[in-house]
Amino acid sequence: MNFVRIKDVNKYEGQEIKIKGWVYNKRSSGKLHFLQIRDGSAEIQAVAFKGDLPDEIFNLTDKITQETSVEIQGIVNKHERSKIGYEIALKDIKIIGESCDYPISPKEHGVDFLMQNRHLWLRAPRQRAILKIRHAIITSIRKFFDEEGFVLIDAPIFTPSACEGTTNLFETEYFDTKAYLTQSGQLYMEAAAMAFGKVYCFGPTFRAEKSKTRRHLTEFWMVEPEVAFNDIYDNMDLAENFLVYIVNYVLQNCKEELDLLERDISKLEKIKKPFARITYDEAIEILHKKGNETPWGEDFGGDEETLISEEFETPVMIYKYPAEVKAFYMKQDPDNKKLAMCVDVIAPEGYGEIIGGGQREENMNILLSKIKKHNLPEEAFDWYLDLRKYGSVPHSGFGLGIERTVAWICGLHHVRETIPFPRLMDRIRP
RNA sequence: UCCCCGGUAGCUCAAUGGCAGAGCAUUCGGCUGUUAACCGAAGGGUUGUAGGUUCGAGUCCCACCCGGGGAGCCA
């Protein structure tokens with residue numbers, strides 16, 4: 001007899017099958033024992049009735065503890081109150097692995113305790129729903145870029161120096177010298193875009209920021225497309241199509257998970273083209289109208305992002321920020337030297353910045369002066385400057401933070417649940 | 001790094017400066033339809049750590065450690 005995955009039991013009504021899984025809860029009522037079984041595909045209840053079973057098997061179902069792994073044989077029956085519509089009348093049970101004093105009981109627990117037990121917390125329904133949505137988001141990202149003709153180019157994780165600030169770098173020994181964990185694959189994607197036209201990378205990035213907020217991890221995943229000959233407006237079109245694609249994919253494929261998370265789906269259904277596009281100047285105007293006095297020239301914090309996103313039901317693209325607050329590689333606005341041709345995308349409902357990007361500076365001399373102005377070591381960027389020396393073209397790209405995207409789509413307050421094993425300033429276990 | 005809050009049983013939390021408690025989990029017993037089942041019983045404590053005030057400290061004071069929330073910075 002073959003093993004059936006629980007999600008497929010509907011094909012076996014009235015038949016005897018075997019399943020393998022974990023007992024996540026047990027209830028009993030004298031001569032009846034109810035075992036709740038999870039196998040990763042779904043959950044089902046196995047019912048053991050004393051009258052139908054040899055004593056040793058019935059007694060075994062009484063002794064079973066939370067998270068014991070088992071092999072169960074029984075008959076699939078319709079059951080009205082079951083989430084999947086079926087239960088199993090237990091005929092036989094074998095214990096695969098015992099489980100003694102499982103720490104996560106089916107009652108409430110604090111965040112610290114759950115994070116200490118993250119390796120076990122992953123088994124909880126809510127955590128599985130979140131990580132399945134993360135999986136769907138990543139799947140949709142790969143599909144989107146495949147369909148759009150992008151080439152996946154893996155960026156290195158060891159890097160010789162910073163591409164943005166140097167204060168947030170994780171330093172590590174690299175034989176006789178030092179290396180740093182990557183903060184972004186962007187500069188490498190710019191090189192690859194000159195070879196393939198349309199490229200993206202997808203991988204972990206590291207920031208040694210001593211920040212303790214619901215939006216920060218020290219290790220997070222980022223997807224970074226880069227396209228030769230795209231200007232900032234093409235870039236915004238790409239970001240818009242990309243986000244719509246991701247949200248649609250999740251809506252179509254993760255109904256059950258969104259439901260379990262009690263996500264208000266109507267909010268996600270409003271993620272359609274066109275997105276709001278406003279300049280930094282217009283964003284400042286909105287803020288001032290709403291009583292926020294952020295002066296021109298300052299970057300936006302979480303509060304400002306929320307205030308702006310409240311005005312729209314779609315994500316908001318804010319472009320042309322003051323060059324002062326943006327990275328050296330951003331192209332300067334030909335009409336106003338003080339502005340950078342960059343764009344941030346702010347998620348709705350106060351989830352904050354999920355995309356940062358823009359058009360890159362393709363002019364050798366301007367780029368060189370920016371590197372000097374930012375006090376960056378010129379020699380570290382010699383290869384990057386080469387890209388401006390040999391057939392430089394306008395090009396644009398952006399980075400999407402996976403964890404913030406998952407938090408937004410799942411409707412989560414904190415990014416720590418959006419990644420299987422979060423790395424935070426004060427937490428690197430398990 | 002700064003501001004605020006917290007740390008008591010395995011977990012979630014109570015306890016006017018005066019006997020260390022409950023629910024869940026665990027173990028034992030009961031129940032033929034349970035849905036975080038229910039009912040009865042038992043075991044389980046260096047009150048984060050180190051000082052101090054006091055006849056007496058979980059409670060007040062001080063330092064440190066750990067955690068949570070927020071800010072700055074960012075995706």
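Note on naming: letters A, B, ... go to the chains in the order of the sequence lines (proteins, then strands), and numbering restarts at 1 for each one.
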Touch check for A:Arg215, heavy atoms < 4.0 angstrom, all strands: base, sugar-phosphate only, or nothing? base
Identify each atom pair where a protein N or O and an N or O of nucleotides 1-6 of chain B are less than 3.5 Å apart, giving names and distance.
from	atom 1	to	atom 2	distance (Å)
B:U1	OP1	A:Lys210	NZ	3.2
B:U1	O4	A:Lys210	O	3.0

Distance, P atom - from B:U49 to B:G58, rounded to whole angstrom: 11 Å
Between B:G70 and B:G10, how far is it from one C1' atom to the other, in whole Å? 31 Å
What integer number of Å spans the P atoms of B:G48 and B:G7? 8 Å
Enumerate the residues from residues 285-319 of chain A whose closest heavy atom to RNA chain B is under 4.0 Å, giving them by residue number; use none for an empty result. A:Asp299, A:Asp303
d(NZ, A:Lys26; C1', B:A36) in whole Å: 15 Å
Aromatic stack A:Phe220/B:A75: centroid gap under 5.5 Å, interplanar angle under 30°: yes
Integer-rounded Å distance: B:C11 C1' and A:Ile104 CD1: 10 Å
Run the salt bridge (charged side-chain N to carboxylate O under 4.0 Å, His left out) test against A:Arg126 and tell me which residues pass, sequence neighbours left out. A:Glu417
Whether the side chain of A:Ser28 and the base of B:C31 hold a donor-acceptor pair under 3.5 Å is what I'd like checked. yes
P atom, B:C66 versus B:C55: distance in rounded Å? 35 Å
Are A:Phe206 and A:Phe220 an aromatic pair by the rule of ring centers under 6.0 Å? no
What does A:Leu217 touch in the nucleic acid at a heavy-atom separation under 4.0 angstrom: a base, only the sugar-phosphate, or nothing? base
Separation of atom CG in A:Asp344 from atom P in B:A75, rounded to whole Å: 7 Å
Name the nucleic acid region contacted by A:Asn25, choosing base, sugar-phosphate or nothing; use a 4.0 angstrom heavy-atom cut-off, strictly under. sugar-phosphate
Out of the candidates A:Ile96, A:Ile37, A:Val23, only one should pair with A:Ser69 under the side chain to side chain contact (heavy atoms under 4.5 Å, CB included) rule; please name it. A:Ile96
Considering every strand and a 4.0 Å limit on heavy-atom distances, what is the contact class for A:Thr405: base, sugar-phosphate, or nothing? nothing
Output a table of nitrogen or oxygen pairs between the protein and nucleotides 40-48 of chain B separated by less than 3.5 Å.
none

Provide, to the nearest angstrom, the distance between the CD1 atom belonging to A:Ile346 and the P atom belonging to B:A75. 11 Å
Dump the pairs, protein N or O against N or O of nucleotides 12-14 of chain B, anything under 3.5 Å, distances to one decimal.
from	atom 1	to	atom 2	distance (Å)
B:U12	OP1	A:Gly110	N	2.9
B:U12	O2'	A:Glu108	OE2	3.2

With sequence neighbours left out, write down each residue that passes salt bridge (charged side-chain N to carboxylate O under 4.0 Å, His left out) with A:Lys270, or none if nothing qualifies. A:Glu313
The complete set of ring-ring contact (aromatic ring centres under 6.0 Å, His included) pairs with one or both residues in residues 53-101 of chain A, sequence neighbours excluded, reads A:His33-A:Phe58
Inter-nucleotide C1' distance (B:C38, B:G18), Å rounded: 39 Å
Assign each of A:Trp221 and A:Leu424 to its nearest nucleotide of RNA chain B by heavy atoms, then name whichever residue's nucleotide is nearer the 5' end. A:Leu424
What I want to check is whether the side chains of A:Gln359 and A:Asn235 have a donor and an acceptor closer together than 3.5 Å. no
Quick one: side chain to side chain donor-acceptor pair (under 3.5 Å) partners of A:Gln116, sequence neighbours excluded? none
Specify the residues of residues 38-51 of chain A, ordered by number, for which at least one heavy atom lies under 4.0 angstrom from an atom of RNA chain B. A:Gln45, A:Phe49
Under 3.5 Å, is there a donor-acceptor pair between the side chain of A:Glu219 and the main chain of A:Arg423? no
Scan A:Ile354 against the nucleic acid and name what it touches under 4.0 Å (heavy atoms): base, sugar-phosphate only, or nothing. sugar-phosphate
Under the salt bridge (charged side-chain N to carboxylate O under 4.0 Å, His left out) test, residues paired with A:Asp259 that sit two or more places apart: none
Base, sugar-phosphate, or nothing: which does A:His79 touch, judged by heavy atoms less than 4.0 Å apart? base
Whenever both distances are under 3.5 Å in a Watson-Crick or G-U wobble pair, mark it; put RNA chain B into dot-bracket that way, with [ ] for crossing pairs and | when the partner is on another strand. (((((((..((((....[..)))).(((((.......))))).....((.((..]....)).)))))))))....
Residue whose closest nucleotide on RNA chain B lies nearer the 5' end, A:Thr218 versus A:Asp426: A:Asp426
How about A:Trp383 and A:Tyr188: are their ring centroids closer than 6.0 Å? yes
Grab the CD-P distance between A:Glu87 and B:U35 for me, whole Å please. 14 Å
The side chain of A:Ser105 is closest to which nucleotide in this list: B:G68, B:A75, B:C24? B:C24
Interatomic distance where CG belongs to A:Leu53 and C1' belongs to B:U32 [whole Å]: 13 Å
Tell me what A:Ser82 touches on the nucleic acid: a base, only sugar-phosphate, or nothing, going by heavy atoms under 4.0 Å. nothing
ring-ring contact (aromatic ring centres under 6.0 Å, His included): pairs with one or both residues in residues 286-315 of chain A, sequence neighbours excluded: A:Tyr280-A:Trp296, A:Tyr280-A:Phe300, A:Phe300-A:Tyr321
I want to verify a distance call: between B:G70, B:U32, B:A75, whose nearest atom is closest to the A:Glu353 side chain? B:A75
Whole angstrom is fine here: how far is it from NE2 in A:His33 over to P in B:U32? 10 Å
Rounded to the nearest angstrom, tell me the gap between atom CD in A:Glu67 and atom C1' in B:A25. 14 Å
